[in-house]
Amino acid sequence: MSKTVSRFAPSPTGFLHIGGARTALFAWLLARSEGGEFVLRIEDTDRERSTKEAIDAIIDAMSWLGLEHDGEIVFQSKNADRHNQVIDQLIESGHAYYCDCSKEKVDAMRESAMKEGRKPKYDGTCRERNLGPGEDRVVRLKAPQSGSTGFRDMVKGPISVENSELDDMILRRSDGTPTYNLAVVVDDHDMGVTRVLRGDDHVNNTPRQILIYNAMNWDVPEFGHVPMILGPDKKKLSKRHGALSVMEYEKMGYLPEAVINYLARLGWSHGDQELFTREELIKYFNPEGLGNSPSVFDLTKFEWVNSQYMQQADPERIADLVMDFLAREVGEEEAAKVDREYVVKVVPLLQPRAKSIVDMLEQSRVFLVDVSHLHYEEKAVKKFLTSEAKAMLEELLVRFEAEEKLTHDSVEAILKGYVTEKGLKFKDVGQPVRTAVSGGAPSPGLYDMLPVLGKAQTVARIKRAIEL
RNA sequence: GUCCCCAUCGUCUAGCCCGGUCCAGGACGACGGCCUUUCACGCCGUUAACGGGGGUUCAAAUCCCCCUGGGGACGCCA
């Protein structure tokens with residue numbers, strides 16, 4: 001049994017969207033789970049649509065997700081000579097032939113076949129004409145006309161197509177360039193790819209490609225086709241249909257491991273487990289676990305997955321991300337004024353409440369802002385900062401000021417002590433204090449929050465609240 | 001039109017290959033409750049599905065056929 005080599009072969013015509021990322025993830029997992037290699041090939045033979053930006057975007061997205069590839073990136077366009085060499089071999093061995101039928105002629109064939117209810121295909125006019133090379137001539141595969149071509153799909157099981165359904169596909173265009181199906185086969189073979197895991201839309205290409213493998217007498221790799229991802233409306237996710245670049249999720253403040261986890265579970269399962277570490281994914285992944293029906297991308301569930309990772313994450317790392325996002329928003333200079341160590345202390349209080357980094361940055365404002373800029377919500381002020389409440393705050397202020405340093409325990413002692421002393425309910429005291437220090441917005445618990453804010457800021461905020 | 005693929009709660013899915021243990025399990029969501037100074041987190045509970053019809057069988061979500069519905073492909077695109 002030779003070593004598993006799987007590949008991801010995107011065409012660089014745009015960003016890497018969530019569907020492509022999932023295909024890449026599964027191919028990567030397939031290789032990693034078997035200790036094999038994962039190679040990346042850029043299918044840039046469409047000179048018109050391929051761009052350098054798209055190539056960079058794909059590479060960036062893969063690296064953000066941590067889908068590292070082995071070896072050098074292969075650019076398909078660089079293999080044109082090799083492709084043509086194979087085509088020549090095919091002609092020599094009688095598996096391919098020149099054809100001078102015009103595009104118009106072939107289109108007409110297809111159209112009339114369609115009308116008659118037959119499969120639209122090239123009729124093989126030039127199969128036996130033994131034409132040589134010439135202006136405007138293409139090279140076609142001399143495909144078998146009877147029998148059938150089948151394969152065992154890693155995810156769908158056995159699939160078979162009558163050869164009469166397939167036509168003599170073009171291998172080399174009239175401008176001398178090789179076509180996709182030919183190039184893919186040659187590259188996969190040359191790169192030693194043993195298992196091809198790709199999108200569902202390639203199922204129909206597979207038998208055609210197998211025909212080329214057969215004609216060259218090459219070993220046919222195993223194929224697997226993963227179903228596509230649907231939007232909330234059950235329509236195929238496409239760029240105009242909400243298929244976002246994976247980097248958009250980065251911008252929205254989601255964690256890469258959450259994207260990986262969610263994508264892995266979209267169409268793949270391992271019993272009832274929902275959350276997987278990267279190591280577990282590698283350990284448990286098996287194409288058998290892949291589902292064979294399309295799935296809907298559910299943002300709500302994805303957010304839940306993300307929040308799980310947000311909670312578990314190392315505060316130091318989250319703090320760095322918050323700082324990054326802050327810098328993106330207000331600029332490096334402004335962001336540099338914020339004390340990172342302070343943010344590190346704030347983060348744990350927000351981890352159970354923030355759905356994303358963006359969300360966390362939003363929620364951390366209460367902590368970052370100075371008293372003078374703290375916004376007090378009118379409703380909360382009216383409800384909780386009554387004159388009696390202010391009188392309580394006056395008394396509590398004295399106690400806080402007397403404290404050398406606010407800690408979880410000292411805050412608790414002061415608040416609880418005050419409550420028992422006055423025979424009040426905690427709520428009667430807690431809410432006014434909370435409003436005083438947070439302005440009324442939802443916030444973490446007082447015992448945690450006040451120590452992080454610090455004595456000076458706490459005192460100042462209470463003073464300001466009393467003045468309102 | 002022809003060919004290929006698909007079909008379990010609103011969503012992601014387990015179960016299907018090797019029929020009984022499934023009056024179908026888990027997760028997200030929604031709803032209710034507990035915890036509680038607010039908001040979350042967490043915990044507990046409720047809700048909700050085998051697309052339809054025929055078979056086969058003592059027994060079918062599981063096997064077979066048909067229908068319906070969805071998707072994909074049919075390029076000198078990839």
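All chains are named by letter (A, B, ...) in the order of the sequence lines, taking the proteins before the strands, and each is independently numbered beginning at 1.
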Whole angstrom value for the distance that separates [atom2] of [N] from [atom1] of [X]:
X	N	atom1	atom2	result
A/K121	B/G1	NZ	C1'	15 Å
A/F151	B/C4	CZ	P	12 Å
A/E288	B/C18	CD	P	13 Å

What pairs with [X] under side-chain hydrogen bond (donor to acceptor under 3.5 Å, both in side chains), at least two apart in sequence or on another chain?
X	value
A/S174	none
A/Y447	none
A/S164	none
A/Y122	none

Notebook entry, point to check: Applying salt bridge (charged side-chain N to carboxylate O under 4.0 Å, His left out), which residue pairs with at least one partner in residues 254-263 of chain A are found, sequence neighbours left out?
Noted result: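 Applying salt bridge (charged side-chain N to carboxylate O under 4.0 Å, His left out) to every pair that reaches into residues 254-263 of chain A, excluding sequence neighbours, yields A/E257-A/R317.
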Notebook entry, point to check: Do any pairs count as a ring pair (Phe, Tyr, Trp, His ring centres under 6.0 Å) and have a residue in residues 409-430 of chain A, sequence neighbours left out, and if so which ones?
Noted result: none
Next item on the list: For B/C74, give its Watson-Crick or G-U wobble partner with both distances under 3.5 Å, or none.
Entry: B/G1
Margin query: Let's test this: given Watson-Crick or G-U wobble pairing with both distances under 3.5 Å, identify the partner of B/C22.
Written below: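 Pairing partner: none.
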Next item on the list: Could you pull out all residues at least two apart from A/F276 that satisfy ring pair (Phe, Tyr, Trp, His ring centres under 6.0 Å)?
Entry: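 Scan of A/F276 (ring pair (Phe, Tyr, Trp, His ring centres under 6.0 Å), adjacent residues dropped) gives A/W268.
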Notebook entry, point to check: What residues form a ring pair (Phe, Tyr, Trp, His ring centres under 6.0 Å) with A/H202, not counting sequence neighbours?
Noted result: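 Here the qualifying residues are A/Y180.
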I'd like a table of atom pairs between the protein and nucleotides 67-72 of chain B - only N or O on both sides, under 3.5 Å - with the distance next to each one.
| from | atom 1 | to | atom 2 | distance (Å) |
| --- | --- | --- | --- | --- |
| B/G72 | N2 | A/N204 | OD1 | 3.2 |

Margin query: Below the 4.0 Å mark, does B/A78 have OP1 or OP2 next to a side-chain nitrogen or oxygen of A/T45?
Written below: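 For B/A78, OP1/OP2 do have a side-chain N/O of A/T45 under 4.0 Å.
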Next item on the list: Give a yes/no answer on whether the side chain of A/T177 brings an N or O atom under 4.0 Å of OP1 or OP2 in B/C76.
Entry: no
Margin query: Below 4.0 angstrom, which residues in residues 142-149 of chain A have at least one non-hydrogen atom near RNA chain B?
Written below: none
Next item on the list: Not counting sequence neighbours, which residues clear salt bridge (Lys or Arg N to Asp or Glu O under 4.0 Å) with A/R195? List them please.
Entry: A/E34, A/E222
Notebook entry, point to check: Salt bridge check: are A/D188 and A/R41 linked by an N-O gap of less than 4.0 Å?
Noted result: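 Judged by the 4.0 Å cut-off on N to carboxylate O distance, A/D188 and A/R41 do form a salt bridge.
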Check: Which nucleotide in the list B/C6, B/C3, B/C76 gets nearest to the side chain of A/S293?
Finding: B/C6
Next item on the list: Would you mind building the protein contact string for nucleotides 25-38 of chain B? One character per nucleotide, 5' to 3', B for base within reach (heavy atoms under 4.0 Å), S for sugar-phosphate only, - for untouched.
Entry: BBBSS-------BB
